[in-house]
Amino acid sequence: MVKAGSSGEVKSYRNAFSVPVFPEGRPFWMLEKRKRAYARFKDLGFPAPKDEAWRRDPLPAILDVVHLPPAGDLSLDPETIYRKALIHSGSKVFCFVNGIYDEGLTNPVTNSSALSVCNLGPMLKANEPGILKVFGACLEEEANPFACINTFSFEDGAFVKISKEHPSQEPIHLCFIAKGDGAIAPAIYPRIFIWLEDGASADFVIQHLGYDDQPYFVNAVAEIFLQKGASASVQILERGSPGTHQLCKMNFYLEEKSNLDLTIYSEGGKYSRNDSEVFFRGKDAACTLRGLSFLSGDARVSNHLTVHHNVPRCTSRQYYKNILCERAEAEFDSLVRVCRGAVESDSNQLNRNLLLSSGARAYARPQLQIEDENVKASHGATTGQLEERELFYFQSRGISLADARYILTYGIAEEILQEMKPFEIRRELEDHVRHELKQWFDANKQS
């Protein structure tokens with residue numbers, strides 16, 4: 001691949017994305033962020049197939065295709081959207097269509113001094129950055145070129161700020177809907193900025209949803225800051241269209257005694273890659289990262305995780321499971337860094353892959369980089385098919401092979417699903433997964 005900044009920059013960049021524009025009239029601080037992001041992108045260049053972190057990714061399908069800004073009629077029916085998103089009509093939802101806030105689909109929360117939920121666009125046009133001074137917090141160290149592209153390309157997104165006075169009663173739904181126009185696959189740049197003040201607590205449900213079967217490319221970035229003693233539960237549902245290529249970079253910054261609980265559910269789409277990076281900035285913080293993918297056809301999902309144990313007595317847990325049918329592929333690539341001085345760190349990585357067909361593939365690469373003593377760290381990965389002994393047990397009691405395979409497979413998925421919250425979302429997703437699994441096993445009965 002041609003690196004940005006070389007003689008082939010214009011050609012390589014035009015083939016993949018629109019040329020960056022830095023319009024006058026925007027606040028100086030935001031223009032500077034965008035220019036720094038572009039400079040960082042030029043230093044990094046596009047990924048090459050030989051790059052270890054990208055060698056299993058379908059880069060030609062992203063970089064050799066022309067992507068243009070979305071066009072056409074974007075008016076959508078709220079009832080259809082809520083049904084697709086498994087959201088009850090009375091829920092408080094902030095909706096974005098092709099990366100732009102859609103007031104017609106939104107059922108907003110009531111903002112107060114303790115809670116602020118709005119779209120990023122107006123915030124970024126203000127002359128005073130305020131809390132957004134930390135926007136793009138690790139820009140100079142960003143290793144993902146697509147995250148840099150999002151920073152200088154996005155137009156809108158979600159902004160959430162919560163204090164400890166806000167009662168955490170119902171989840172905050174952020175729904176990002178992608179709608180193709182049929183001619184050229186649009187490039188969409190969702191952006192999320194979440195700030196939880198000292199002692200604040202909140203539940204988030206973030207959805208990336210395909211509206212139709214048209215192809216599109218989504219390049220999303222989320223920055224989530226948890227201040228001292230803050231707690232956040234974040235559920236991310238990725239349910240793309242058959243032609244979807246989606247990249248999502250998420251940075252989590254955890255201060256002293258804060259707690260993050262993250263679950264990512266992926267299904268559908270042609271390709272999905274999630275880069276989750278956790279920065280422990282204060283002692284006695286903790287994070288639990290979970291993932292569940294149910295893929296069929298030629299779908300592919302990659303989960304890349306980096307957890308930086310920079311300070312003492314922090315705990316991280318990773319549980320990622322993939323259920324793969326037909327020719328589906330999944331990758332788990334995780335690095336836990338325990339830096340010098342981060343004593344009494346505690347980390348565990350676990351990846352399990354269930355292959356329901358001979359054509360399915362799974363790749364696991366858990367890694368540890370430990371620079372200090374007096375720490376606990378472990379990792380493991382398993383890949384295989386359903387146990388014949390377990391299937392025989394069910395059949396010996398009059399249960400068909402298809403039903404036995406369904407029961408055992410759902411049991412694997414349930415270990416992740418039962419940890420999701422709030423209850424309403426968990427129940428809707430459990431019903432949805434049961435239905436999808438049942439359909440697949442009924443259509444693929446084996447004697």
Side-chain angles (χ1 to χ4, degrees), residues 47 49-65 210 213 215 217 237-247 264-274 291-304 319-334 350-366 380-392 394-395 400-417 432-447:
K50 65 180 180 180
D51 292 341
E52 182 63 31
W54 296 88
R55 68 189 184 92
R56 299 191 189 280
D57 297 82
L59 293 173
I62 298 173
L63 298 177
D64 295 344
V65 175
D213 292 338
F217 172 71
L237 311 184
E238 298 176 336
R239 302 169 60 220
S241 301
T244 306
H245 288 83
Q246 176 170 306
L247 307 177
I264 302 176
Y265 171 80
S266 304
E267 71 167 45
K270 184 71 175 176
Y271 170 70
S272 243
R273 174 179 170 127
N274 298 299
L292 173 64
S293 302
F294 173 53
L295 306 176
S296 59
D298 295 311
R300 301 174 65 174
V301 66
S302 294
N303 283 294
H304 294 253
Y319 307 103
Y320 277 74
K321 296 187 177 185
N322 300 300
I323 300 172
L324 308 174
C325 315
E326 299 170 339
R327 299 164 305 282
E329 293 187 9
E331 179 181 12
F332 174 80
D333 189 346
S334 172
L350 179 61
N351 173 229
R352 289 181 175 171
N353 303 289
L354 175 61
L355 310 182
L356 296 179
S357 63
S358 59
R361 295 289 184 270
Y363 306 92
R365 192 167 173 254
T382 61
T383 300
Q385 299 178 329
L386 292 171
E387 292 284 346
E388 292 295 333
R389 181 177 56 187
E390 294 176 336
L391 294 172
F392 175 77
F394 279 91
Q395 289 180 282
S400 69
L401 179 59
D403 286 343
R405 287 162 61 86
Y406 161 77
I407 293 169
L408 290 171
T409 302
Y410 181 74
I412 293 173
E414 188 178 29
E415 291 179 358
I416 300 294
L417 293 174
H432 174 73
V433 172
R434 288 192 195 101
H435 174 75
E436 294 296 314
L437 280 175
K438 191 70 174 176
Q439 276 197 328
W440 194 87
F441 282 117
D442 286 345
N444 294 272
K445 290 182 179 179
Q446 298 182 12
S447 59

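Predicted model, so just to flag it, every value in this text is computed and none were measured.
With values rounded to the nearest 0.5 angstrom, I412 atom CD1 is found 10.0 Å from L292 atom CG. The CG atom of L63 sits 10.5 Å away from atom NE2 of H245, with the distance rounded to the nearest 0.5 Å. Going from atom CZ of F217 over to atom CG of L247 covers 4.0 Å, rounded to the nearest 0.5 Å. In this structure, the separation between CD on E267 and OG on S272 is 10.5 Å, given to the nearest 0.5 Å. Rounded to the nearest 0.5 Å, atoms CD1 (I323) and CG (L295) are 9.5 Å apart.
Judged by the 6.0 Å distance and 45° axis criteria, R405 is not positioned over the aromatic ring of W440.
For the side chain to side chain contact (heavy atoms under 4.5 Å, CB included) with D333, the qualifying choice from R56, E52, R365 is R365, the only one to do so.
Here the closest heavy-atom approach between residue S357 and residue C325 is recorded as OG-C, 3.4 Å. Across every non-hydrogen atom of S241 and G210, the tightest pair is OG-CA, 3.5 Å. In terms of heavy atoms, L324 sits closest to A362 at CD1-CB, 4.0 Å. Of all non-hydrogen atoms in A299 and G268, the two that sit nearest each other are CB-O, 4.5 Å.
Residue pairs meeting the salt bridge (Lys or Arg N to Asp or Glu O under 4.0 Å) criterion with at least one member in residues 292-302, sequence neighbours excluded, are D298-R327, R300-E329.
For S400, the side-chain contact (heavy atoms from CB on, under 4.5 Å) criterion is met by A402, D403, not counting sequence neighbours. Taking the side-chain contact (heavy atoms from CB on, under 4.5 Å) definition, one finds that Q385 meets it with L355, sequence neighbours left out. Residues meeting the side chain to side chain donor-acceptor pair (under 3.5 Å) test with N322, sequence neighbours left out: S293, N353. In this view, L408 and L386, E390, L391, F394 satisfy the side-chain contact (heavy atoms from CB on, under 4.5 Å) rule, not counting sequence neighbours. With sequence neighbours excluded, the residues that form a side-chain contact (heavy atoms from CB on, under 4.5 Å) with L437 are F294, Y406, T409, Y410, V433, F441.
Side-chain contact between E238 and N274 is present, with at least one heavy-atom pair separated by less than 4.5 Å. Side chains of H304 and E331 form a contact here, defined as non-hydrogen atoms less than 4.5 Å apart.
Ring geometry for H432 against Y265 counts as perpendicular: the plane angle is over 60°, on a 0 to 90° scale with 30° as the lower cut.
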| message | As a quick check of understanding, evaluate side-chain contact (heavy atoms from CB on, under 4.5 Å) for I264 and Y320, giving each step before the final call. | response | CA-CA 9 Å; I264 302 176; Y320 277 74; 4.3 Å; yes
| request: Before giving the answer on side-chain contact (heavy atoms from CB on, under 4.5 Å), spell out for Q395 and L401 the whole-Å C-alpha distance, their side-chain angles and the decisive distance to 0.1 Å. | output: CA-CA 6 Å; Q395 289 180 282; L401 179 59; 3.7 Å; yes
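Heavy atoms from other residues, nucleotides or ligands lying under 6.0 Å from CZ of R352 number 12 at most.
Remark: the backbone N or O of G297 is paired with a side-chain donor or acceptor of E326 at under 3.5 angstrom.
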